[in-house]
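Everything on this sheet refers to the single structure shown next.
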Number of protein chains: 2
Amino acid sequence: MFNSSILLKEYNLKVTPQRVAIVEELYKNGHMNIDDLYKNLLEKFPSISLATIYKNVNAMVEKIFLNEVKVPDAKTVYELVKEEHSHLVCSSCGKIEDIIIDTSVLNNTLSSVSNFKIDNTEVVFQGTCEKCQ
Amino acid sequence: MFNSSILLKEYNLKVTPQRVAIVEELYKNGHMNIDDLYKNLLEKFPSISLATIYKNVNAMVEKIFLNEVKVPDAKTVYELVKEEHSHLVCSSCGKIEDIIIDTSVLNNTLSSVSNFKIDNTEVVFQGTCEKCQ
DNA sequence: TTAGATGCAAATGTTTTGCATCATC
DNA sequence: GATGATGCAAAACATTTGCATCTAA
């Protein structure tokens, strides 16, 4: 099972209830922006501060176990780092889904026409999800 | 030749010197964030206001002849809309290059595993450009 | 002449920082 | 007990808005 305390310890972050809650929210909900996180955590921690959310999210992004995803026409969202994957963003309901597709075709195409050294390939599909169609 | 006045007229925007300058900066430099635009326009228009830049850039994005590109680990940049293309972002010098590669392979792959209806596919490669290697 | 653009100042929104207090290790 | 986290308030930064004046059509 997924254990947020162990994850935090692995990355040398002290295990505080607020941090555990941030990680668990992200585990449960997949992608969240800062505001979503704040609103949800307020229920458990009525006096939690936005500064705490920012500090922790930034720390986790630096430790590379949170991923920052910049989305066209929407707020930046955060997610737990997992297997490399792409994103589907629904223009209608705003929901973001993960999808694992092989992007190496693109990398190969790029490498054949350019000397750019690729570290990472971000793919965001914009469109309409199944429900909203 | 490229004519920014005609472009503005086509999209029902009054042709002002500030707007012409914005379009021409983007034509010349490719991708710019709000701050870059502001700094460059200040030379021509010492009293131009940031509000003017924001208002105009937003208007042009709405008219769909500017494109807003959200870049991982950097400020949002704007570019003139052209043929669909992907972006190469150099982690070392920050430069953004355009590259035209066929993303339909990805779209086909996605369509075969999901019912998501794709309107647009954004691809951003992060890595190191030729110069910085 | 009219509709809309500009620049300024103020308002709003977002993110970061400093610091006293508190919790984890 | 020491190191670092939290929450608060303030600061810094980013973006939008209202309005008087000016300009393009």
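In this text, all values refer to a predicted model and were calculated from it rather than measured experimentally. Reminder, nothing fancy here: chain letters follow the sequence lines and each chain counts from 1.
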Review point. Once you round it to whole Å, what is the distance between C1' of C/dG7 and CG of B/L41?
Key: 14 Å
Point to revise | Heavy-atom side-chain proximity of B/L26 to B/E79 below 4.5 angstrom | key: no
Point to revise | For atom CG of A/D73 and atom C1' of D/dT15, their distance in whole Å | key: 16 Å
Practice item. Keeping the roles fixed (side chain from B/Q133, backbone from A/N115), state whether a donor-acceptor pair exists under 3.5 Å. Key: yes
Check your understanding: Roughly how many Å is it from OH in A/Y78 to P in C/dT14, rounded to a whole number?
Key -> 13 Å
Point to revise | DNA chain D-proximal residues of residues 14-33 of chain A, any heavy atom under 4.0 Å | key: A/K14, A/T16, A/Q18, A/R19
Exercise for review: Classify the side-chain pair B/S86/B/D98 by whether it contains a donor and acceptor separated by less than 3.5 Å.
Suggested key: no
Point to revise | Atom pair distance, as rounded to whole Å: NZ in A/K63 and P in D/dG4 | key: 10 Å
Practice item. To the nearest Å, give me how far apart CD (B/E62) and P (C/dA5) are. Key: 12 Å
Review point. Is a side-chain N or O of B/T16 found less than 3.5 angstrom from the main chain of B/R19, in a donor-acceptor match?
Key: yes
**Study point:** Polar side-chain atom of B/T109 near backbone of B/V105 as donor-acceptor pair, under 3.5 Å
**Key:** yes
Review point. Counting distance only, does the side-chain N/O of A/N29 pair as donor-acceptor with the main-chain N or O of A/H31 below 3.5 Å?
Key: no
Practice item. Would you jot down, in residue-number order, the residues of residues 47-60 of chain A having a non-hydrogen atom under 4.0 Å from DNA chain D? Key: A/S47, A/I48, A/S49, A/A51, A/T52, A/K55, A/N56
**Study point:** Length of the CG-P vector between A/N12 and C/dT24, whole Å
**Key:** 18 Å
Practice item. Would you mind reading off the distance between B/L8 atom CG and D/dT23 atom C1', rounded to a whole angstrom? Key: 15 Å
Check your understanding: Will you find, in the side chains of A/Q126 and A/S91, an N or O donor that is under 3.5 Å from an N or O acceptor?
Key -> no
**Study point:** A/K70 side chain to A/V77 backbone, donor-acceptor under 3.5 Å
**Key:** no
Revision key, fill the gap. Separation of C/dC25 atom P from A/Y11 atom OH, nearest Å, is 18 Å
**Study point:** Under the side chain to side chain contact (heavy atoms under 4.5 Å, CB included) test, residues paired with A/K63 that sit two or more places apart
**Key:** A/Y11, A/N12, A/L13, A/F65
Review point. Using a cut-off of less than 4.0 Å, is there contact between a side-chain N or O of A/K75 and OP1 or OP2 of C/dT14?
Key: yes
